[in-house]
Every structure is written in C-alpha cells, then in structure tokens.
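So the structure is just underneath, and the comments pick up after that.
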Amino acid sequence: MVYTGPQPGSSEQISAIVEELRGLYPQARYELNFTTPLELLVATILAAQCTDERVNAVTPQLFAKYRSAQDYAQVGQEELEQDVKSTGFYRNKAKTLRAVCQYLVDHYHGEVPQSIDELVKLPGVARKTANVVLVNAFGVTEGFIVDTHVGRVSKRLGWTQHEDAARAEQELMRLIPRSEWSSLPHRMIYHGRATCAARKPRCTSCTLVAYCPSAII
DNA sequence: CTCCCGATAT
DNA sequence: ATATCAGGAG
C-alpha cells in the first residue's frame, strides 16, 4: 500500500493530525498523581521505563513518608531503594532522587526551579522531565515533551527520523505550532498507548491512517 | 553505544 | 521467551 496522503511534516498533514487527535482525546492530561511540584518531579523521575500505573501504585506511600526535599536528601540509599523498588531501575532512581533533592536543598531552599535551563542542571533531569514539570506544575511551555511514545509516533508519522529525544524535540519544535506544544504531546501519548502501540500498532482501527506514511492496512 | 531493572503484554 | 514501559548518565 503506497502512501498518498499529504507530505509528512507538511503543515497540511500536521494540522489534520492535530485536529483529529484533539477530537479523539479532548481531555488528555498527565496521568501521574501529584499535589506539589516536588511530587511531580519525583513521580516523573520514577516513570522512566515504567508505566504510569506502576508509579501511581508506589507514590501514595512514598509521598506520605517523604514530605520535603530534605527528607529524600537525608534518607539512606538502601532504604530509598526499597521504597521505589517496584518501578525498576531502583538503584539509579534512588540515587537520582537523593542527588536531585540534595541539589534542591543546596541551591533552591528545597523548592523546584521554574525554568528549563535550571531544571536540566539537576542531576538525572533532562529535557523530557524538565518539560513535564514545567507544563504540569507551573503551566510554562518552553519545549515539546518527547518521551518514548511521542518519539515513536513522531517517527511513524514522518515528523522526524531522529532516535535521539533532544534532536527529535528540536525538529518537532520547528514543525509544530507553539500553541500546540502543551497539549499535543499528551494526546500523542494517549494515542501511542491506545492505538499506535510499540509492538503491535492497531492501524486498522486508527483514524490517522490517511495521514500516516507508516500505516499497514 | 551500553547500562540500569521490575512488571506486564504478547 | 522477549519486547516494552511518560529516561538519563557514563
């Protein structure tokens, strides 16, 4: 089957997809549970290569036990490891949480900074985590969230060829109107989970097939 | 590029 | 059995 839709990456193809996804997922939002910027930062760090559902199963007890950056900075490595174990990569994640929170204590009185330049200086925080915290905690849109789903869906739609998330983000920021930066990534993630799955994409039930050069019907 | 890593879907 | 999950560091 040869793709005959609008050129991948063209404004015609992009606007058609944006409108379709808006209709499909009008209420798309971040699904990790949190009540403060610090909780959001912690949950997002735990979400690396782990489902939201798994993180949400761990954070109620975690947030009840650790109420401030000082709490994470002061706990022992092995104790924190056990508290985050079921999210996988638990040694790295415990080490990252302790280092990030020590940094917050040292530089920001334990608060979470509100610019991307400051956030990406935190140990274990790169563009994806920084963008998530900015948008969902502070309502600030400085970049385009590129996680595993956004990266995969973007490649299949022909928006980027880059595997590297930072390079993909730069290309998406060039292609996508800024007004869509805060909502589109969440909708792409919903679509990536529900339809454009990594292993077995459901192209036959996908309403983007007319705009997707990778569709297999 | 490799490593970290438990839980789940296929 | 194996790929994948709202990644990032060395």
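Computed from heavy atoms alone, side chains included, the values below leave out hydrogens, waters and symmetry copies. In what follows, chains are A, B, ... by sequence order, proteins preceding strands, each numbered from 1.
- In this structure, of B/dG6, B/dC4, B/dT8, it is B/dG6 that holds the atom nearest to the side chain of A/Lys85.
- No single ILVMFWY cluster, assembled from side-chain heavy atoms under 4.5 Å apart, contains both A/Leu134 and A/Val150.
- A donor-acceptor pair under 3.5 Å links the side-chain atoms of A/Asn56 to the main chain of A/Asn33, judged by distance alone.
- If you check B/dA7, C/dC5, C/dG8 against the side chain of A/Ser86, the one that comes closest is B/dA7.
- The side chain of A/Tyr90 sits closest to B/dG6 out of B/dG6, C/dT4, C/dA6.
- Comparing atom distances between the A/His149 side chain and each of C/dA9, C/dA3, C/dC5 picks out C/dC5 as nearest.
- Residues A/Gln77 and A/Glu81 have side chains that bring a donor and an acceptor to within less than 3.5 angstrom of each other.
- B/dC5 atom P lies 15 Å from atom CG of A/Asp83, rounded to whole Å.
- If you take CD of A/Glu81 and C1' of B/dC4, they are 12 Å apart, rounded to a whole angstrom.
- For the atom pair CG (A/Leu80) and CG (A/Leu62), the distance works out to 7.0 Å, reported to the nearest 0.5 Å.
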| query | Passes salt bridge (Lys or Arg N to Asp or Glu O under 4.0 Å), A/Lys155 versus A/Glu163? Steps please. | reply | CA-CA 8 Å; A/Lys155 283 186 66 178; A/Glu163 286 287 348; 2.4 Å; yes
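- When the C1' atom of B/dC5 is taken as reference, atom CG of A/Asn92 falls 9 Å away, rounded to whole Å.
- Comparing B/dT8 with C/dG8, their P atoms are spaced 23 Å from each other, to the whole Å.
- Applying the 5.5 angstrom centroid cut-off and the 30 degree plane-angle cut-off, the aromatic ring of A/Phe89 is not stacked upon the base of B/dC5.
- One C1' atom belongs to C/dA3, the other to B/dC5, and the distance between them is 14 Å to the nearest Å.
- At the phosphate of C/dA6, neither OP1 nor OP2 sits under 4.0 Å from any side-chain N or O atom of A/Thr44.
- A sub-4.0 Å separation between OP1 or OP2 of B/dT8 and a side-chain N or O of A/Arg54 is present.
- For A/Leu40 and C/dG7, the CG to P distance is 14 Å, given to the nearest whole Å.
- Look at A/Glu118 and A/Lys121 and you find no salt bridge, because none of the NZ, NE, NH1 or NH2 atoms lies under 4.0 Å from a carboxylate O.
- Closest-nucleotide positions on DNA chain B for A/Gln49 and A/Lys200 were compared, and the one nearer the 5' end corresponds to A/Gln49.
- For A/Ile145, counting side-chain heavy atoms from C-beta on, the closest listed nucleotide (B/dA9, C/dA9, C/dA6) is C/dA6.
- The distance between atom CG of A/Leu97 and atom C1' of C/dG8, rounded to the nearest whole Å, is 13 Å.
- If you measure from atom CZ of A/Arg199 to atom P of C/dT4, you get 6 Å, rounded to the nearest angstrom.
- As a whole-Å value, the separation of A/Lys93 NZ from B/dA7 C1' is 11 Å.
- Straight-line distance between the C1' atoms of B/dC4 and C/dC5: roughly 14 Å, to the nearest whole Å.
- Here A/Val150 lies out of heavy-atom contact (under 4.0 Å) with every strand.
- Each of A/Pro123 and A/Asp52 lies near DNA chain C, and the nucleotide nearest A/Asp52 is the one positioned closer to the 5' end.
- Nucleotide C/dC5 holds its P atom 12 Å from the NZ atom of A/Lys128, rounded to whole Å.
- OP1 and OP2 of C/dA9 both lie 4.0 Å or more from every side-chain N or O belonging to A/Thr96.
- Applying the 4.0 Å criterion to OP1 and OP2 of B/dC5, one finds that A/Arg91 has a side-chain N or O inside that range.
- Between A/Arg152 and the phosphate of C/dC5, there is a side-chain N or O to OP1/OP2 separation shorter than 4.0 Å.
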